[in-house]
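To find a chain, count down the sequence lines: A is the first, B the second, and so on, and within it residues start at 1. Small disclaimer: the values here were computed from a predicted structure and weren't measured.
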2 protein chains.
Amino acid sequence: MSSQFGNKIRTLREQQNLLLRQVASILEMDTAQLSKIERGERQAKKETVLKIAVILKVKDDELLTLWLADQIYDVVKDEKNALKAMMVAEEKVEYLKTHKQK
Amino acid sequence: MSSQFGNKIRTLREQQNLLLRQVASILEMDTAQLSKIERGERQAKKETVLKIAVILKVKDDELLTLWLADQIYDVVKDEKNALKAMMVAEEKVEYLKTHKQK
DNA sequence: ATTACATTTGCCAAATAATGTCAAGTCAAA
DNA sequence: TTTGACTTGACATTATTTGGCAAATGTAAT
């Protein structure tokens, strides 16, 4: 299963009839690179995600969420404690969220 | 806030009156290195986690879960979409879990 | 205050991983 | 069979992580 972020931006791009090379050129990146990102073979940089959101006219958050989820998945895949670990991590995030210190 | 894995193993080590240098020597690793791991300044390798579980006489899974949670936290910290992304990632893990293909 | 020992810190070299780039490859439509 | 879109693989470059050492700090006992 490929990346959710990649699938999303590929779908959006196709819906808007944009070519890889067109989007890549706006991003000032190699076409091959973008192809790999769309297929989940490479991770985009956060900065790139933001630019893509503008180009494809979607909200930052929509793409950022999928992009982050891919990264999380990367670290937990193949780990049998994945779900438990995610819950532990969630609790920590939630805890820090309410107790606003860094 | 330091790492949950680090806190855990430091606590366990102290409860058992073991010195950093003793544990480090069993692990065949630099004392400074282990000190950094306990304080969350460095990530242990999975293999090291397993060895530590044996040394400190706790279940693998207990440590592995905390260790994984730390890594997840690392990728999501400072991201405002952290919680949403974790939920998305969880769904993917759960989905793949029930539909057993890789 | 001095010693002895445990831990921490800072630094840097070595190892490892991620990225960018290019050229050649596949594939489908015209 | 030519063209254009995309993919693949290889490689050099760059960035990040790690391991190891020496010096620094902390702490308790003498």
task: Check salt bridge (Lys or Arg N to Asp or Glu O under 4.0 Å) between B:K77 and all other residues, then give those that pass, not counting sequence neighbours.
output: B:D74
Whole-Å gap separating [atom2] ([N]) and [atom1] ([X]):
X	N	atom1	atom2	answer
B:N17	C:dA6	CG	C1'	14 Å
B:Q71	D:dT18	CD	C1'	14 Å
A:I37	D:dC6	CD1	P	15 Å
B:Q22	C:dT7	CD	C1'	13 Å
A:Q43	C:dG20	CD	P	12 Å
B:L34	D:dC21	CG	P	16 Å
B:L19	C:dT7	CG	C1'	10 Å

- request: For the residue pair B:L83 and A:K97, establish whether any side-chain heavy-atom pair is separated by less than 4.5 Å.
  value: yes
query: Is there a side-chain contact between B:L96 and A:Y73 (heavy atoms, below 4.5 Å)?
result: yes
- prompt: How bent is the helix from C:dA1-D:dT30 to C:dA30-D:dT1, comparing axes over its five end pairs at each side, to the nearest 10°?
  reply: 30°
To the closest 0.5 Å, what do you measure between [atom1] ([X]) and [atom2] ([Y])?
X	Y	atom1	atom2	answer
A:K51	A:M29	NZ	CE	8.0 Å
A:L12	A:N7	CG	CG	11.0 Å
A:L18	A:I9	CG	CD1	11.5 Å
A:R42	A:I37	CZ	CD1	8.5 Å

From the options [options], select the nucleotide whose nearest atom is closest to the side chain of [X].
X	options	result
A:R39	C:dG20, D:dT8, D:dG19	D:dT8
A:K36	C:dT7, C:dT21, D:dT7	C:dT21
A:S35	D:dT7, C:dT8, C:dT7	D:dT7

query: Under the side-chain hydrogen bond (donor to acceptor under 3.5 Å, both in side chains) rule, what pairs show up with a residue in residues 27-39 of chain A, not counting sequence neighbours?
result: A:R10-A:E38, A:R13-A:E38, A:S35-A:R39, A:R39-A:E41
Got a list of protein N/O to nucleotides 28-30 of chain C N/O distances below 3.5 Å?
none

message: One pair to check against side-chain contact (heavy atoms from CB on, under 4.5 Å): A:I72 and B:E90. What are the steps and the verdict?
response: CA-CA 9 Å; A:I72 296 167; B:E90 264 174 44; over 6 Å; no
task: Treat primed atoms plus P, OP1 and OP2 as sugar-phosphate and everything else as base, then score nucleotides 23-30 of chain D 5' to 3': B for base contact with protein heavy atoms under 4.0 Å, S for sugar-phosphate contact only, - for none.
output: --------
task: Measure from the side-chain N and O atoms of B:D70 to the backbone N and O of B:Q4, and report whether any donor-acceptor pair falls under 3.5 Å.
output: yes
message: Looking at B:T65 and B:D61, would you say the former's side chain and the latter's main chain have a donor-acceptor pair under 3.5 Å?
response: yes
message: Heavy atoms only, 4.0 Å cut-off, all strands: where does B:R21 land among base, sugar-phosphate and nothing?
response: sugar-phosphate
message: Under the criterion side-chain contact (heavy atoms from CB on, under 4.5 Å), I'd like the reasoning laid out for B:N81 against B:K84: C-alpha separation, chi angles, the key distance, then a yes or no.
response: CA-CA 5 Å; B:N81 301 290; B:K84 230 180 299 175; 4.0 Å; yes
field: B:K45 side chain near D:dG19 phosphate (N/O to OP1/OP2, under 4.0 Å)
entry: yes
- prompt: Quick one: is A:R42 getting a side-chain N or O under 4.0 Å of the D:dG9 phosphate, OP1 or OP2?
  reply: no
- request: Using heavy atoms and a sub-4.0 Å distance, could you list which residues of residues 24-33 of chain B are near DNA chain D? By number, please.
  value: B:D30, B:A32, B:Q33
- request: Please lay out, stage by stage, how B:E91 and B:Y95 fare under the test side-chain contact (heavy atoms from CB on, under 4.5 Å).
  value: CA-CA 6 Å; B:E91 278 164 24; B:Y95 177 81; over 6 Å; no
- request: Let me see the working for B:I52 and B:W67 under side-chain contact (heavy atoms from CB on, under 4.5 Å), right down to the final yes or no.
  value: CA-CA 12 Å; B:I52 293 176; B:W67 168 79; over 6 Å; no
